[in-house]
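The structure appears below as structure tokens.
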Amino acid sequence: MNSFLTIHPEVQEALDNNKPVVALESTIISHGMPYPKNVETALAVEDVVRANGAVPATIAIFNGKCHVGLTNEQLEYFGKAKDVWKVSLRDMPYVISQNLYGATTVAATMRIADMAGIKIFVTGGIGGVHRGAQTSMDISADLTEMAQTSVAVVSAGVKSILDIGLTLEYLETKGIPVITYGQDEFPSFYSRISGFNSPLRLDTAAEIAALLNTKWKLGLSGSVLIANPVTAEQEIATDEMEIHILQALNAAKEKKISGKEVTPFILKYIAEHTKGESLETNIALIKHNAKVGAAIAVAFTNPEVSQ
Ligand code: PSU
Ligand code: MN
């Protein structure tokens, strides 16, 4: 155990007794959704994890400590405060050594979950290879982290603000299995389709848990991406989203947005220009991911799988 880590007693108790635990990120709270929907969603997602038999562990950096499992007051803080850092791997030593407050991205959340011994992590959408990465070199540290850290990630696929084809190529290069839950096509966050076949498909949480166990027992370190399609009732058509995405990308270019600001800028732009429809879909799909992630965590801690 390292001195930078503060594990909530409920999470520690679950880990000590091999009970299912699901890690959750905090960038989505501080930089991915407006207040108060962000806090309501974070609490609702924790409830969904509990209702499906696992213990939620939302991860963030609070006063220089990596907290695994937040109190409701801390969740409120991350939803409201304006000076919260967006922390990916490269920001961790700065924010921690300066005793600052940081919302963790997929990459940083995975790393802290791994330090705590958590194997399953649920998010909305991962970062990936951006459109135009051929010249911008904008590739999220989420992908390099997934190549090395053995924590499974449940997401609703990859958002089409990114280049989905290049992201899938990158995942293949890095040896990261990509499994779509229950359908052949890889989903694109707001939509159940993307135009790309999923490299792999599995239809039950038990099979996914068995794959995770097999991968890691083989000594193949690194993540597995589990893409969980948004439900048909909540999805937004890809051509409808494409219009907003192109406008958002244009606005980012005009304003010369770069580096870590790119993803939050585009997400905010799209939420504002779809009159909240995208936000509602976003909330629905994270809850749906939490349900599937909890089921995988439950299956993974089953003695028949984990021995
Ligand atoms: N994609 C989303 N919602 C999000 C993010 C990505 O649909 O909230 C956040 C996640 O925390 C992800 C991060 O890890 O953005 C990626 O940022 P970047 O592209 O700067 O690596
Ligand atoms: Mn980037």
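In each ligand, atom 1 is the first atom listed, and ligand 1 is the first ligand listed. Hydrogens, waters and symmetry mates are skipped; everything else that's a heavy atom, side chains included, is used.
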Purely on distance, is any nitrogen or oxygen of [X] under 3.5 Å from one on ligand 1?
| X | result |
| --- | --- |
| T105 | no |
| E25 | yes |
| V106 | yes |

[atom1]-[atom2] distance between [X] and [Y], expressed to the nearest 0.5 angstrom:
| X | Y | atom1 | atom2 | answer |
| --- | --- | --- | --- | --- |
| L246 | M241 | CG | CE | 10.5 Å |
| N282 | K37 | CG | NZ | 11.5 Å |
| L212 | S150 | CG | OG | 10.0 Å |

Could you give the side-chain donor-acceptor pairs of residues 284-295 under 3.5 Å, partners two or more places apart or in another chain?
unit_1 : atom_1 : unit_2 : atom_2 : d
H288   : ND1    : N228   : ND2    : 3.3
H288   : ND1    : P229   : O      : 3.3
N289   : OD1    : N228   : ND2    : 3.0
N289   : ND2    : T123   : O      : 2.8
N289   : ND2    : L285   : O      : 3.4

Legend entry - Residue among F78, F62, Y77 satisfying ring pair (Phe, Tyr, Trp, His ring centres under 6.0 Å) with H67: F62
Can you check whether [Y]'s main-chain N or O pairs, donor with acceptor, with [X]'s side chain at less than 3.5 Å?
| X | Y | value |
| --- | --- | --- |
| T281 | E235 | no |
| Q148 | E145 | no |
| S188 | K159 | no |

Can you pull out the closest protein heavy atom to [atom]? Residue, atom name and distance to 0.1 Å, please.
| atom | value |
| --- | --- |
| atom 9 (C) of ligand 1 | T27 CG2, 4.1 Å |
| atom 19 (O) of ligand 1 | T263 OG1, 2.6 Å |
| atom 7 (O) of ligand 1 | K159 NZ, 2.5 Å |
| atom 21 (O) of ligand 1 | S140 OG, 2.6 Å |
| atom 6 (C) of ligand 1 | G125 O, 3.4 Å |

Inset, instruction - Determine whether more than 12 heavy atoms belonging to other residues, nucleotides or ligands lie under 6.0 Å from atom CD of E172. - result: no
Legend entry - Of the N, O or S atoms in D138, the one nearest the Mn ion (ligand 2): OD1
Inset, instruction - Check each of L89, L267, I161, D142 against atom 14 (O) of ligand 1 and report the one with the nearest heavy atom. - result: D142
Legend entry - H130 and ligand 1 - part of the residue with a heavy-atom distance under 4.0 Å: side chain
Inset, instruction - Record the part of D138 in heavy-atom contact with ligand 1 below 4.0 Å; permitted values are side chain, backbone, both and neither. - result: neither
Inset, instruction - Could you list which atoms of ligand 1 come closer than 4.0 Å to a heavy atom of F189? - result: 7 (O)
Legend entry - Interfacing atoms of ligand 1 (cut-off 4.0 Å, heavy-atom, K86): 17 (O), 18 (P), 20 (O)
